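After the C-alpha cells below, expect a handful of questions from me.
Just the heavy atoms: all of them, side chains too, but no hydrogens, waters or symmetry mates, feed the values below. No experiment lies behind these values; they were computed from the predicted model shown.
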Amino acid sequence: MPKRTTHTYSSEDAAPDGPDSDLFVYYCKHCGSHVLITDTQLQKMPKRKTDKSYVLDKKKHLARLNINEGGKVLLKRGEGKLEKQYRMNCMGCGLFVCYRSEEDLEYATFIYVVDGALSTVAAETNPQDAPVPPCISQLEGGLVQVAIEVEDRQQRSAITRVNADDVRVAVAAPAARGEANNELLEFMGKVLGLRLSQMTLQRGWNNKSKLLVVEDLSARQVYEKLLEAVQP
C-alpha cells in the first residue's frame, strides 16, 4: 500500500480578486467529504482526451485541495508511452478523485480531476462512516451484486472509475452480441481474486450496462479491491 499523507494546499497566487469573487466548493460524489475549492466551474475546464479528466491550471485558478496522497502509478498510454500519475484520494472514503504529473504538489502546474468523482452537492452521509457505493450491493446468501458500465473497444482491460452509479470497466472487445463478456469476467476475476465459477452475469449480456454477482466476498471487500485497481 502506498504511504498516505494529508495535504491541504492553496494556490494563493491564483486567488480570486476581492471578497465578491465566486468560489466553487466540490465534494466527493460518494461520501460528501470536501475535496476542492476553486474559482472556476469544473464544466468550464478543458478535458484530457485520454481519460476525460478535467484539467485545472493552478497558474490561472485557485486550487485548494483537501486530500490524502494515494501514491505513484505508471500507466501505459498509446504508442507504448508511459504516464506517471501521483494520485490523490478523498479523505473521507479513500476514493481516487484527482492526480498530478509532478511528485511535489506545490510545484504541480495542473491538477487532473477524475470525471464523475466530484459534485457541488455534499452528501448527507458522515464522511467517517462512508458506505460502500450503491452500485455495489450485498445480497442474501453472502452474494454481492456489482453494477458495471462497459467501455468497449479500448486498448486494454481496466477499471477506470468507481462512483455511486456504476463501476466503469474498459475492455477491448465490442459489447454488442456479448463479445465482451468473457473478457470482462476474466478481468474481474483477476481484480477480485475469484474463479469464473464464483461470478455470474445476471443482466446485460448484449449491452454495456451489466449486473455482475460474485460469491465469497463482502461488498466492502469488493469495493476496496476495485478501488485498488482503478486506472483512469
Side-chain angles (χ1 to χ4, degrees), residues 1-2 4 28-31 47-54 68 70-78 82-90 93-99 112-118 130-138 144-175 179-196 198-204 207-232:
M1 294 290 291
R4 296 181 183 271
C28 173
K29 195 171 183 179
H30 172 215
C31 75
K47 298 184 78 171
R48 291 193 70 192
K49 291 182 179 179
T50 52
D51 59 13
K52 308 301 182 185
S53 60
Y54 293 97
N68 284 333
K72 180 176 72 174
V73 173
L74 287 176
L75 299 178
K76 274 190 176 181
R77 294 299 192 191
L82 286 177
E83 177 181 311
K84 189 184 299 182
Q85 292 184 359
Y86 292 93
R87 295 187 169 185
M88 295 171 273
N89 299 335
C90 169
C93 64
L95 191 71
F96 168 40
V97 291
C98 53
Y99 62 93
Y112 302 96
V113 180
V114 176
D115 184 26
L118 302 184
V132 174
C135 64
I136 304 170
S137 54
Q138 192 78 49
V144 175
Q145 179 177 276
V146 184
I148 293 175
E149 187 71 18
V150 169
E151 298 172 337
D152 62 348
R153 304 176 190 273
Q154 303 298 305
Q155 293 183 344
R156 73 197 193 288
S157 297
I159 307 292
T160 61
R161 191 172 81 188
V162 179
N163 62 21
D165 301 320
D166 53 49
V167 176
R168 296 292 177 94
V169 184
V171 295
E179 295 180 36
N181 294 327
N182 288 339
E183 181 183 347
L184 174 65
L185 287 170
E186 289 178 5
F187 174 67
M188 293 299 290
K190 292 178 182 178
V191 170
L192 299 174
L194 297 175
R195 300 184 301 276
L196 291 178
Q198 295 171 287
M199 301 179 295
T200 305
L201 271 182
Q202 276 201 339
R203 193 179 74 194
N207 56 51
K208 294 183 178 182
S209 298
K210 302 177 184 294
L211 284 181
L212 176 69
V213 174
V214 303
E215 304 173 6
D216 301 323
L217 290 175
S218 68
R220 172 63 62 178
Q221 288 173 318
V222 170
Y223 177 44
E224 291 176 353
K225 287 177 180 289
L226 291 174
L227 283 182
E228 288 293 327
V230 169
Q231 295 185 12

Minimum heavy-atom distance Val97-Cys90, with the two atoms named:
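Heavy-atom minimum between the residues: CG2-N, 3.9 Å.
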Are Asp166 and Val146 packed together at the side-chain level, in the sense that at least one heavy-atom pair is separated by less than 4.5 angstrom?
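The answer is no, as the side chains (C-beta and beyond) never meet within the 4.5 Å cut-off.
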Should Val214 and Gln145 count as side-chain neighbours, where that means a heavy-atom distance under 4.5 Å?
no
Any side-chain heavy-atom pair of Phe96 and Val114 under 4.5 Å
yes
So Thr160 and Asp51, do their side chains get closer than 4.5 Å, heavy atoms only?
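When only atoms from C-beta onward are counted, Thr160 and Asp51 do not touch, as no gap falls below 4.5 Å.
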Worked check of side chain to side chain contact (heavy atoms under 4.5 Å, CB included) between Gln221 and Leu192:
CA-CA 9 Å; Gln221 288 173 318; Leu192 299 174; over 6 Å; no
Drop me the distance from Leu194's CG to Met188's CE, to the nearest 0.5 angstrom.
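Taking CG in Leu194 and CE in Met188, the distance rounds to 9.0 Å.
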Please evaluate residues Arg161 and Val230 with respect to the criterion side chain to side chain contact (heavy atoms under 4.5 Å, CB included), reporting the C-alpha separation (whole Å), side-chain torsions for both, the decisive distance (0.1 Å), and the verdict.
CA-CA 6 Å; Arg161 191 172 81 188; Val230 169; 5.8 Å; no
Please tell me if the side chains of Leu118 and Lys29 come closer than 4.5 Å, counting only heavy atoms from C-beta onward.
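When only atoms from C-beta onward are counted, Lys29 and Leu118 do not touch, as no gap falls below 4.5 Å.
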Beyond-backbone contact of Lys84 with Lys72, side-chain heavy atoms, under 4.5 angstrom
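Yes, at least one pair of side-chain atoms sits under 4.5 Å.
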Just how far is it from atom CD1 of Ile148 to atom CD1 of Ile159, taken to the nearest 0.5 Å?
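Nearest 0.5 Å value for the CD1-CD1 distance: 7.0 Å.
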Check Leu217 against Val144 and note the closest heavy-atom contact, atom names and distance.
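That closest heavy-atom pairing would be O-CG2, 3.1 Å.
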Restricting to salt bridge (charged side-chain N to carboxylate O under 4.0 Å, His left out), what partner residues turn up for Lys47, sequence neighbours left out?
Asp115
Worked verdict on Val171 versus Val169 for side chain to side chain contact (heavy atoms under 4.5 Å, CB included)
CA-CA 7 Å; Val171 295; Val169 184; 4.3 Å; yes
Keeping Gln138 on the side-chain end and Ala219 on the backbone end, is there a donor-acceptor pair under 3.5 Å?
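Pair found, side chain donor or acceptor close to backbone of Ala219.
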Asn207 and Ser209 side chains, donor-acceptor separation under 3.5 Å:
no
Short question: side chain of Glu228, backbone of Leu226 - any donor-acceptor pair under 3.5 Å?
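Judged by distance alone, no pair lies under 3.5 Å.
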If you apply the rule side chain to side chain contact (heavy atoms under 4.5 Å, CB included), what do you find for Leu95 with Cys28, and how did you get there?
CA-CA 8 Å; Leu95 191 71; Cys28 173; 4.0 Å; yes
Any sub-3.5 Å donor-acceptor pair from Glu183's side-chain atoms to Ala173's backbone N or O?
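Pair found, side chain donor or acceptor close to backbone of Ala173.
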Rounded to the nearest 0.5 Å, what separates atom NZ in Lys52 from atom OH in Tyr112?
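OH of Tyr112 is found 15.0 Å from NZ of Lys52.
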Examine Arg87 relative to Tyr99 and say whether NZ or CZ is less than 6.0 Å from the centre of the six-membered ring and inside a 45° cone about the ring axis.
no
Working to the nearest 0.5 angstrom, can you tell me the gap between Arg195 CZ and Glu215 CD?
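If we round to the nearest 0.5 Å, Arg195:CZ and Glu215:CD are 8.5 Å apart.
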Considering residues at least two apart in sequence or located in another chain, which fulfil the salt bridge (charged side-chain N to carboxylate O under 4.0 Å, His left out) criterion with Glu83?
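For Glu83, the residues satisfying salt bridge (charged side-chain N to carboxylate O under 4.0 Å, His left out) (neighbours in sequence not counted) are Arg48, Arg77.
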Please tell me if the side chains of Lys210 and Leu184 come closer than 4.5 Å, counting only heavy atoms from C-beta onward.
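The answer is yes; the side chains approach within 4.5 Å.
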With salt bridge (Lys or Arg N to Asp or Glu O under 4.0 Å) as the criterion, how do Lys208 and Glu149 come out once you've worked through the C-alpha distance, each side chain's angles and the decisive distance to 0.1 Å?
CA-CA 6 Å; Lys208 294 183 178 182; Glu149 187 71 18; over 6 Å; no
Heavy-atom side-chain contact between Cys135 and Tyr223 under 4.5 Å
no
In Å and rounded to the nearest 0.5 Å, what is the OG to CD distance from Ser53 to Gln85?
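Rounded to the nearest 0.5 Å, the OG-CD separation comes to 8.0 Å.
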Write down the atom of Phe187, the atom of Ala158, and the distance for their closest heavy-atom approach.
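Smallest heavy-atom distance, with atoms named: CZ-CA, 3.5 Å.
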Spatial distance of atom CG (Leu201) from atom CG (Leu185) [nearest 0.5 Å]
4.5 Å
